[in-house]
Protein chains: 2
Amino acid sequence: MSPSRRLTGPHPTLATVAERAGVSRQTVSNALNNPELLREDTLARVQAVIEELGYTPNRAARALRTRASHMIGLRFEPAQEGTSNALIDRFVHSLVEATARTGHHIILFSGDPDDLLDGYDELLRATAVDAFVITDTYAGTPQVDLLDRVGAPFVTFGRPWDDPSAKYPWVDVDGARGAELATEHLIAAGHQRIAWLGWEKTSRIGEDRRSGWSRALAAAGIDAAGLGVRITDNVDAARMAAHELLEDGTVTGFACASDTIAIGVLHALAERNLRPGADVGVVGFDDSLGAQVTWPGLTSVRQPLEQVAIEVIDLLHTVLSLKTPENPARMLEPSLVVRRSTRRD
Amino acid sequence: MSPSRRLTGPHPTLATVAERAGVSRQTVSNALNNPELLREDTLARVQAVIEELGYTPNRAARALRTRASHMIGLRFEPAQEGTSNALIDRFVHSLVEATARTGHHIILFSGDPDDLLDGYDELLRATAVDAFVITDTYAGTPQVDLLDRVGAPFVTFGRPWDDPSAKYPWVDVDGARGAELATEHLIAAGHQRIAWLGWEKTSRIGEDRRSGWSRALAAAGIDAAGLGVRITDNVDAARMAAHELLEDGTVTGFACASDTIAIGVLHALAERNLRPGADVGVVGFDDSLGAQVTWPGLTSVRQPLEQVAIEVIDLLHTVLSLKTPENPARMLEPSLVVRRSTRRD
DNA sequence: GCCCCCGTGTTGAACGATCCAATAGTAGAG
DNA sequence: CTCTACTATTGGATCGTTCAACACGGGGGC
């Protein structure tokens with residue numbers, strides 16, 4: 001597979017290959033970039049030499065000349081509200097996978113946590129990246145403004161919350177639909193009084209998900225009064241909120257804005273000797289590692305991150321080739337992973 | 001902060017800056033790379049223009065001329081034995097953080113899961129990276145052999161298991177010491193019959209950690225016979241193994257090779273109505289997100305990944321400047337994060 | 001027969017930085 | 001005042017690739 005012929009010494013260049021194949025540099029370049037311009041036998045001869053020498057074009061030289069680095073920047077930072085830490089990691093994995101096919105690479109950078117713009121500018125001015133993937137659009141979008149202003153291509157994972165009519169390309173997962181799925185699932189399992197445990201009102205993602213819960217309840221003709229609670233994303237806060245809701249004994253279902261919150265509910269159930277699934281149904285959000293290992297298994301809404309990554313790269317490709325994407329706003333459907341926290345048997 | 005003066009148009013180059021400052025290109029270059037060569041006032045003038053124009057050297061041009069890309073490659077793949085998925089993610093975060101200070105950047109790539117070498121060669125031949133960080137040395141080290149052969153710099157996170165006398169630079173965390181800490185902690189909490197739930201014998205990391213457990217038991221004069229069990233890294237396998245060990249009622253402590261396994265033990269305790277901490281002590285490994293949210297909180301061995309990343313980058317720096325590192329083999333100490341799964345109150 | 005075009009290849013220049021060798025400037029010593 | 005020694009600055013060449021323009025022979029179309 002990997003042609004590891006040359007084991008040492010300087011790397012071969014276009015000129016090396018050209019000389020060896022008895023053609024000009026440009027012809028070798030064409031063999032790589034515009035093979036259809038060459039006569040069949042010439043092409044074959046050049047390709048043979050390329051293979052023999054294990055030649056790969058120098059990225060720096062190519063980038064310098066074409067002004068395209070084939071690198072995509074992603075600011076990678078510690079935990080964030082909403083888009084939970086682990087989620088981002090899974091997304092990055094998918095992204096790397098998706099870029100592998102296109103010859104692009106992901107380059108990670110970090111920045112001052114207090115300055116959302118930190119880092120972008122430098123990479124751009126150094127022409128180190130061709131484009132960016134932006135992952136946190138819920139906290140306003142100064143990055144988008146910056147990149148728009150300087151004309152740098154980008155795609156976001158996350159819709160333009162502030163300005164739904166914004167024209168930039170984005171991919172997102174329908175969180176409201178996810179919460180709706182969760183709630184419908186609980187209703188189908190026979191629950192009626194289903195609580196929502198979500199984030200503070202300032203969280204756009206949180207309010208969006210919550211709307212899916214109310215929609216499902218409304219559709220089933222269930223009164224939501226007193227059942228929607230807003231807390232911080234924290235096991236203990238969730239545990240205490242759950243205790244309060246469970247007090248009068250009527251609430252038997254919990255749809256949650258995150259797995260962390262759902263796990264907090266499970267803690268409360270354990271402390272009250274209630275059985276998850278049989279007595280009380282609980283659904284989390286994001287299908288995190290925690291959901292997968294927590295006892296007795298947490299039903300959770302899963303975002304199709306692999307597909308998100310593929311769509312992001314597809315959009316990026318279109319944008320980079322200066323075309324206008326047909327559908328620059330792509331909303332994907334989440335799915336429900338059912339585990340024992342909602343099984344009544 | 002971010003000098004976003006120029007909002008559009010072509011990027012300024014060395015020549016632009018030189019002309020504007022009334023000096024030559026080389027002088028501008030020196031202002032950036034060898035400021036001590038310039039007279040004070042010249043330096044100040046040049047720096048002012050650089051600031052004014054928001055100039056940043058073109059990375060491609062610089063890389064082409066100096067043959068140094070200032071990029072570090074990291075093969076980033078889905079879940080792996082031992083070094084659990086989440087662990088790698090945390091490490092990458094720390095690594096990005098650590099590189100930020102040195103002007104280097106992490107570039108991620110993926111490869112054919114069946115070919116550990118896939119991807120390295122191409123990046124090298126394209127001179128896209130200066131060096132690599134390698135994270136999985138437990139499965140033999142074909143990457144190390146390859147990179148050694150072609151003379152490419154690298155540092156590994158993980159010691160050379162196959163050949164302890166290997167000369168390449170590495171950083172690792174003392175897993176045996178971690179398991180020893182865990183076991184000592186359980187002993188201090190009053191437990192005597194402390195079981196080990198670890199991975200199969202083929203896992204070097206697993207056997208290393210296990211040795212820490214036996215060392216601690218031996219030091220306390222406790223007989224380890226029948227207490228060491230090897231299973232796959234899986235909640236359910238751990239749950240069943242725990243049930244078996246708990247059968248005769250004498251085992252009251254569990255030291256585990258991973259949080260996943262420890263969580264399996266917690267499941268078994270729940271099913272037997274045993275209280276984690278009060279009745280049975282459980283310690284996991286890696287301080288994963290799961291350990292932090294699982295009820296009632298899982299005591300776990302934490303690897304100092306932030307420090308690992310710093311040491312890795314430090315070694316890489318030394319190697320890249322063609323120096324021989326003073327201490328190319330760096331073993332770091334893990335610590336214990338105590339939570340309720342080992343509290344008797 | 002003339003001209004243009006098409007298919008193949010070639011050559012020189014350019015991308016933007018740094019390295020190198022050579023030069024202009026600046027003191028200090030004799 | 002000149003010479004030396006050193007410093008600051010300069011112009012040109014270079015890294016490896018692609019772009020732009022053009023050379024060359026062979027078909028048509030007229």
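In the text below, chain A, chain B and the rest are named by the order of the sequence lines, each starting its count at 1. The model shown is predicted, which means the values in this text are computed figures rather than measured ones.
For A:R65 and D:dT17, a side-chain-to-base donor-acceptor distance below 3.5 Å is absent, hydrogens and geometry of angles not being considered. Side-chain atoms of B:R25 come within donor-acceptor range of the base of C:dT18, with a qualifying N/O pair under 3.5 Å. For B:R39 against C:dG25, no side-chain N or O and base N or O form a donor-acceptor pair under 3.5 Å.
Put simply, CD on A:E40 is 10 Å from P on C:dT8, counting in whole angstrom units. Note: CZ (B:R62) to C1' (C:dC15) measures 16 Å, nearest angstrom. Between A:L53 atom CG and D:dG16 atom C1' there is a gap of 15 Å when expressed in whole angstrom units. In this entry the distance linking CG of A:L64 with P of C:dA17 reads 9 Å, nearest Å. A:E19 has its CD atom 16 Å from the C1' atom of C:dT10, to the nearest Å. In this structure, B:L43 places its CG atom 17 Å from P of D:dT7, rounding to the nearest Å. Distance, A:N30 CG to C:dG7 P: 14 Å, rounded to whole Å. Taking atom OH on A:Y55 and atom C1' on D:dG16, their separation rounds to 7 Å, with Å as the unit.
In terms of position along DNA chain C, the nucleotide closest to A:E36 lies nearer the 5' end than the nucleotide closest to the other residue of the pair A:E36 and B:L32. Residue A:S24 is the one, among B:A60 and A:S24, whose nearest nucleotide of DNA chain C lies closer to the 5' end (criterion: closest heavy atom).
One finds a side-chain N or O of A:T42 lying less than 4.0 angstrom from the OP1 or OP2 phosphate oxygen of C:dG9. The side chain of B:S29 contributes an N or O atom lying less than 4.0 Å from OP1 or OP2 of C:dT18.
The residue A:T27 sits close to a base: some heavy atom pair falls under 4.0 Å.
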### Task
Please lay out, stage by stage, how B:I106 and A:F76 fare under the test side-chain contact (heavy atoms from CB on, under 4.5 Å).
CA-CA 11 Å; B:I106 296 291; A:F76 193 54; over 6 Å; no
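Relative ring orientation between A:Y120 and A:F109 is described as perpendicular, the plane-to-plane angle rising above 60° on a 0-90° scale split at 30° and 60°.
The nucleotide whose nearest atom lies closest to any side-chain atom of B:N58 is, among D:dT9, D:dT18, C:dA17, C:dA17. For B:L38, the listed nucleotide lying nearest its side chain is D:dT9; candidates were D:dT17, D:dT9, C:dT18. Here the side chain of B:Q26 is nearest to one of C:dG16, C:dC20, D:dA8, namely C:dC20.
Proximity of A:H105 to B:M71: side-chain heavy atoms (C-beta onward) are nowhere separated by under 4.5 Å.
A donor-acceptor pair under 3.5 Å is formed between the side chain of A:R75 and the backbone N or O of A:L116. Under a 3.5 Å cut-off, the side chain of A:R125 and the backbone N or O of B:G54 do form a donor-acceptor pair.
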